[in-house]
Amino acid sequence: MERILKYRLYHILPLCFLLFLTGCNPDIFINQNGLPNNMELTIHGDDGEWSAPVTRKGLSRIYVKVIYNDRKYLTYRNKDYKITDEHCTASDLLDIEYDNPISKYIISYTGDMLYIHSIYNASDNKHMVLVLEYDYGTTKYIDVTFSKGIPLRLEHQEMDQNMKIEENIETIPHSFSFSNNSSATQHVNITPFAESSSTCKISAADEWATDFEISGVMIPSYYEGWDYTELTDCIIGESFSFKSESLMTEVFPVFVPPHKKATVKYNVNYSRATVKSTLILYNTVDHFEIRLPVTCSCVNPTSYDYEVIFEDI
């Protein structure tokens, strides 16, 4: 009998010790969640999901950290389905939703299960930090990246027919010299636009569209008059430069008499065209249409003038 009692005490005492630790140390509850103080996640942008058991015991607050301009896209809801804010207590929080035309995700709490669900992400990789604050001073950070999903599709571009033209806003001088040491007249072809580039920028008033990459937009272009050309791709809000292949073929000849040096001085004149339009975009994941007003401003080389000065050699 004595041996049996000792055996039982030998097994019961460690269990009592564990229960004592659990009752005295709140960190035990946190560690049971399996979440480190800092962790990183990558979730697929289109219908990706992550979940983990995270007990609400000792959890005082849960909120999202994003860049300042993105805060207006966040909505906090409590268990009564009413709008609240980031100061809502964890026990009363139902979900947090981030929603704009190019990215949408939901963070929700069901029982003691925490869910992060990405509905769609039509932009580049999207980033946010989920913060879990506990009432005994511990804070956990979940660093989340939503990978890029299917981009928005440009369905149509409604053009404003009133293209605004500003002529000769800038002139850039160039020069070229050629010496003819022979006894016969020589000629040289000058390509005045060879070193010239067009500069363009597409701007949108809607902040969500800034840094958004898009293909197929029509922009003003110049060759013997203003017209439109289609871009392969561009980023809204960023300036970009390109060379017009049609202008690269522009040539004027200079004939140089024997034993003469020709100095060609020419000026390239630039004009600006500005046009407003509306991009009709389609979200193929969540199936809705977006109308995005944009303004496109392009500065193009449009004309040149030149003179030739001869010297004896």
Side-chain angles (χ1 to χ4, degrees), residues 30-56 59 61-79 81 83-86 88 90 93-133 139-155 204 206-216 233 235-237 279 281-290 292:
I30 303 173
N31 293 334
Q32 287 174 350
N33 299 331
L35 297 180
N37 286 347
N38 294 279
M39 68 178 298
E40 295 183 357
L41 294 175
T42 298
I43 299 175
H44 192 277
D46 294 340
D47 201 30
E49 187 174 274
W50 173 89
S51 63
V54 179
T55 178
R56 298 192 195 220
L59 182 60
R61 191 161 74 103
I62 179 169
Y63 61 96
V64 172
K65 292 175 67 175
V66 293
I67 62 173
Y68 181 80
N69 288 341
D70 278 357
R71 294 181 64 183
K72 59 178 162 292
Y73 302 125
L74 284 170
T75 301
Y76 291 77
R77 280 182 288 262
N78 62 25
K79 290 181 177 180
Y81 296 94
I83 303 298
T84 180
D85 57 26
E86 66 271 22
C88 178
L93 182 68
L94 175 68
D95 61 28
I96 306 169
E97 182 180 78
Y98 178 95
D99 186 10
N100 70 29
I102 56 174
S103 186
K104 181 177 182 179
Y105 56 83
I106 298 175
I107 300 153
S108 60
Y109 235 135
T110 302
D112 282 342
M113 285 296 292
L114 177 67
Y115 296 88
I116 304 176
H117 181 201
S118 179
I119 311 300
Y120 57 82
N121 181 35
S123 66
D124 205 352
N125 287 351
K126 196 72 179 173
H127 179 78
M128 69 90 171
V129 177
L130 185 62
V131 183
L132 292 84
E133 291 183 352
T139 303
K140 291 178 176 284
Y141 300 93
I142 304 177
D143 194 312
V144 183
T145 298
F146 300 102
S147 63
K148 184 176 182 178
I150 299 174
L152 299 182
R153 186 173 68 210
L154 178 60
E155 297 283 273
D206 292 344
E207 290 185 4
W208 62 263
T210 301
D211 298 328
F212 175 59
E213 186 175 343
I214 193 167
S215 302
D233 55 67
I235 297 176
I236 293 177
L279 306 181
L281 306 170
Y282 185 71
N283 187 314
T284 60
V285 177
D286 223 28
H287 307 292
F288 63 89
E289 189 177 87
I290 308 151
L292 177 65

Lys126 vs Tyr105, side-chain hydrogen bond (donor to acceptor under 3.5 Å, both in side chains): CA-CA, chis, key distance, verdict: CA-CA 10 Å; Lys126 196 72 179 173; Tyr105 56 83; over 6 Å; no
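Neither side chain, Asn78 nor Tyr76, offers a donor N or O lying under 3.5 Å from an acceptor on the other.
The closest side-chain heavy-atom distance from Phe212 to Asp206 is not below 4.5 Å. The shortest side-chain heavy-atom distance between Arg77 and Thr84 does not fall under the 4.5 Å cut-off. In this structure the side chain of Leu93 never reaches within 4.5 angstrom of the side chain of Tyr63, judged on heavy atoms. Lys140 has its side chain out of reach of Asn38: every pair of non-hydrogen atoms, C-beta onward, lies at least 4.5 Å apart. For the pair Glu49/Ile43, no side-chain contact is recorded, criterion being any heavy-atom separation below 4.5 Å from C-beta on. Residues His287 and Tyr282 form a side-chain contact, since some pair of their non-hydrogen atoms from C-beta on lies under 4.5 Å apart. The closest side-chain heavy-atom distance from Val144 to Ile107 is not below 4.5 Å. With contacts defined as side-chain heavy-atom distances shorter than 4.5 Å, the pair Tyr120/Asn283 qualifies.
Tested against Ile142, the residues Val129, Leu114, Ile62, Val131 include a single side-chain contact (heavy atoms from CB on, under 4.5 Å) partner, Leu114. Each of Val64, Asp70, Asp143, Ile96 was checked for a side-chain contact (heavy atoms from CB on, under 4.5 Å) with Met128, and the lone residue meeting it is Val64.
For Tyr81, the OH atom counts as loosely surrounded, since its 6.0 Å shell holds 12 or fewer non-hydrogen atoms of other residues, nucleotides or ligands. Atom CD of Glu40 is surrounded by 12 or fewer heavy atoms from other residues, nucleotides or ligands within 6.0 Å. Other residues, nucleotides and ligands contribute only 12 or fewer heavy atoms inside 6.0 Å of the NZ atom of Lys65.
Side chain of Asn100 to backbone of Tyr73: no donor-acceptor contact under 3.5 angstrom is found.
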